[in-house]
Participant: 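Would you mind keeping the following structure in view while I ask a few things?
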Amino acid sequence: MSPQSPESLQSPQSPQSPPSLPFLVGFDGSPRSLAAARWAAREARSAGVPLRLLNVGQAWPKIQPISPEFEPVLGESVTASMALLATVADGLRSAHPGLIVETVTVEGGPGSELPRAAAGAQLLVVGASGHHHHVVPLLGSTALTVAGRTGIPVVLVRETDEHPHRGQGVVVGVDPDGDYGLVLEFAYAWAAVHGLPLRAVHAGEAAGQASLEAAVAEASARHPAVPTTCVSRPGDAADVLVDESATADLLVVGRRHHRPLHGLGPTDHAVAHRARAPVALIPHGQDAEGAGSGSRRPPDPADAP
């Protein structure tokens, strides 16, 4: 499935237009997933699209309970999860009047169910721990796997990222020799929605400044209201982007599939672990076509409890 055009994030649909695809949040009841839900609610309200909260529960085998007490306890656990999901949804509706908030509960593993659900969304938001800037992904160790498998933009939000916009702008990593079109379009659309400047960054020699400016020129011309700065800095790409993220409202990087299990390449993997702002991982063109189609996959170790 191809990601939705970033321009669709900029304005509500007209009554004659088909319904907008929602922003999808992986919600497991943890503080980090609550931070992700709140962040996504603000973004969905700004974009004029629905918000969908998805809770992935353990798929229990269909067997006779080992004791009369087992089934009622399990039922109480499921009921509590659904009640929490409903409470969070009500809170988000109250905080953002007019926002449509949907709740969905499915059984299975998050490593497979979240990418499958993402086939019906335009953005997936998952929570990550802010402790020591290391990602402790949603429901165990699956957030990066999910990001690598999903054919739409994925945003990682830490608990410490749950704040009003800093106003410093959007930082986007650009490789002038790479496939940067969708990455730049997403970054410009997000900056335009929030009235923020954009800073395009390339890790390379100073001589690369001209090629960086040429790469950004076309997207910049389509978004003349977004102030744009181009910076070419020496150093490792991940180190440069992490440093730039310290004052950013959002860090946007491209994402390409490298391994069947983990999905992410070394730079985007390192940035996802260490960035100090929400990170948007945008699939490159061919990866956007191939991932997140919702097709069935064999069981994955990441789905284990």
Side-chain angles (χ1 to χ4, degrees), residues 1-27 33 36-56 85 88-89 92-93 96-106 108 110-127 138 143 146-157 170 181-194 222-223 250 252 254-255 263 278-297:
M1 172 183 173
S2 299
Q4 297 298 300
S5 170
E7 281 75 13
S8 69
L9 305 181
Q10 296 185 35
S11 60
Q13 297 290 315
S14 68
Q16 293 76 29
S17 301
S20 298
L21 292 177
F23 287 0
L24 177 67
V25 179
F27 185 81
S33 70
R38 289 171 173 164
W39 187 94
R42 291 194 298 268
E43 298 307 313
R45 184 69 181 90
S46 295
V49 301
L51 180 70
R52 181 174 297 161
L53 305 180
L54 174 67
N55 177 258
V56 181
L85 198 63
V88 170
L92 295 176
R93 295 185 190 104
H96 304 280
L99 175 65
I100 297 173
V101 182
E102 307 165 356
T103 61
V104 180
T105 301
V106 299
S112 58
E113 294 304 324
L114 281 172
R116 187 171 296 123
Q122 61 174 299
L123 182 74
L124 172 61
V125 183
V126 293
L138 174 79
V146 167
R149 287 179 167 183
T150 304
I152 63 173
V154 177
V155 178
L156 302 178
V157 178
V170 179
L182 292 177
V183 179
L184 277 174
E185 280 304 312
F186 183 94
Y188 268 105
W190 201 89
V193 165
H194 297 289
R222 288 194 295 272
H223 301 273
L250 182 72
V252 182
R255 182 187 84 226
V279 179
L281 300 168
I282 313 302
H284 292 293
Q286 63 184 21
D287 297 312
E289 294 293 337
S293 62
S295 59
R296 293 280 175 180
R297 297 182 176 87

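Computed over heavy atoms, backbone and side chain alike; hydrogens, waters and symmetry mates excluded. Treat the numbers as computed from the prediction; the structure is a model and nothing was measured.
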Participant: Taking side-chain contact (heavy atoms from CB on, under 4.5 Å) as the definition, give me every residue that meets it alongside Ala44, ordered by chain and number, with sequence neighbours left out.
Facilitator: Phe23, Val49, Leu51, Leu99
Participant: Shortest non-hydrogen contact from Gly26 to Leu124?
Facilitator: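 What the structure gives for the nearest pair is N-CD1, 4.4 Å.
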Participant: State, to 0.1 Å, how close Pro115 and Pro110 come at their nearest heavy-atom pair, and which atoms those are.
Facilitator: CD-O, 3.5 Å
Participant: Treating Asn55 as the side-chain partner and Phe27 as the backbone partner, does any N or O pair qualify as donor plus acceptor under 3.5 Å?
Facilitator: yes
Participant: Mind listing the closest non-hydrogen atom pair of Pro278 and Val157 along with its distance?
Facilitator: CB-CG2, 4.5 Å
Participant: Applying side-chain contact (heavy atoms from CB on, under 4.5 Å), can you list everything that pairs with Ala89, at least two apart in sequence or on another chain?
Facilitator: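 Checked Ala89 against side-chain contact (heavy atoms from CB on, under 4.5 Å); matches are Leu53, Arg93, Val101, Thr103.
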Participant: Of all heavy-atom pairs between Leu281 and Arg255, which one has the smallest distance, and what is that distance?
Facilitator: O-NH1, 3.0 Å
Participant: Spell out, as yes or no, whether a donor-acceptor pair under 3.5 Å connects the side chain of Arg45 to the backbone of Pro97.
Facilitator: yes
Participant: Check whether any side-chain heavy atom of Val155 lies under 4.5 Å from a side-chain heavy atom of Val279, and answer yes or no.
Facilitator: no
Participant: Starting from the C-alpha separation in whole Å, work towards a yes-or-no answer on side-chain contact (heavy atoms from CB on, under 4.5 Å) for Val126 and Val25.
Facilitator: CA-CA 6 Å; Val126 293; Val25 179; over 6 Å; no
Participant: Considering only heavy atoms from C-beta outward, does the side chain of Leu250 approach that of Trp190 to under 4.5 Å?
Facilitator: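 Yes, their side chains come closer than 4.5 Å.
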Participant: Counting N and O atoms only, with roles assigned by atom type, does the side chain of Arg52 sit under 3.5 Å from a partner on the main chain of Leu24, one being a donor and the other an acceptor?
Facilitator: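 Between the backbone of Leu24 and the side chain of Arg52 there is no qualifying donor-acceptor contact (under 3.5 Å).
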Participant: Do you know the tightest heavy-atom contact between Ser20 and Gln122?
Facilitator: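 In terms of heavy atoms, the two residues are closest at CB-NE2, 4.5 Å.
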Participant: With a 4.5 Å heavy-atom cut-off, do Leu54 and Val106 have their side chains touching?
Facilitator: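 Touching, per the 4.5 Å side-chain cut-off.
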Participant: Measuring only between side-chain heavy atoms, which start at C-beta, is Val193 closer than 4.5 Å to Glu43?
Facilitator: no
Participant: Quick one: does Arg38's side chain get under 4.5 Å of Leu92's, heavy atoms only?
Facilitator: yes
Participant: What is the minimum heavy-atom distance between Thr150 and Ala118, and which atoms define it?
Facilitator: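 Where Thr150 meets Ala118 most closely, the heavy atoms are CG2-CB, 3.4 Å.
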Participant: Got Arg149 and Arg116 here, is their nearest side-chain heavy-atom distance under 4.5 Å?
Facilitator: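 No, side chains not in contact.
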Participant: Could you give the distance from CG (Leu184) to CZ (Arg222), rounded to the nearest 0.5 Å?
Facilitator: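 One gets 8.5 Å once the value is rounded to the nearest 0.5 Å.
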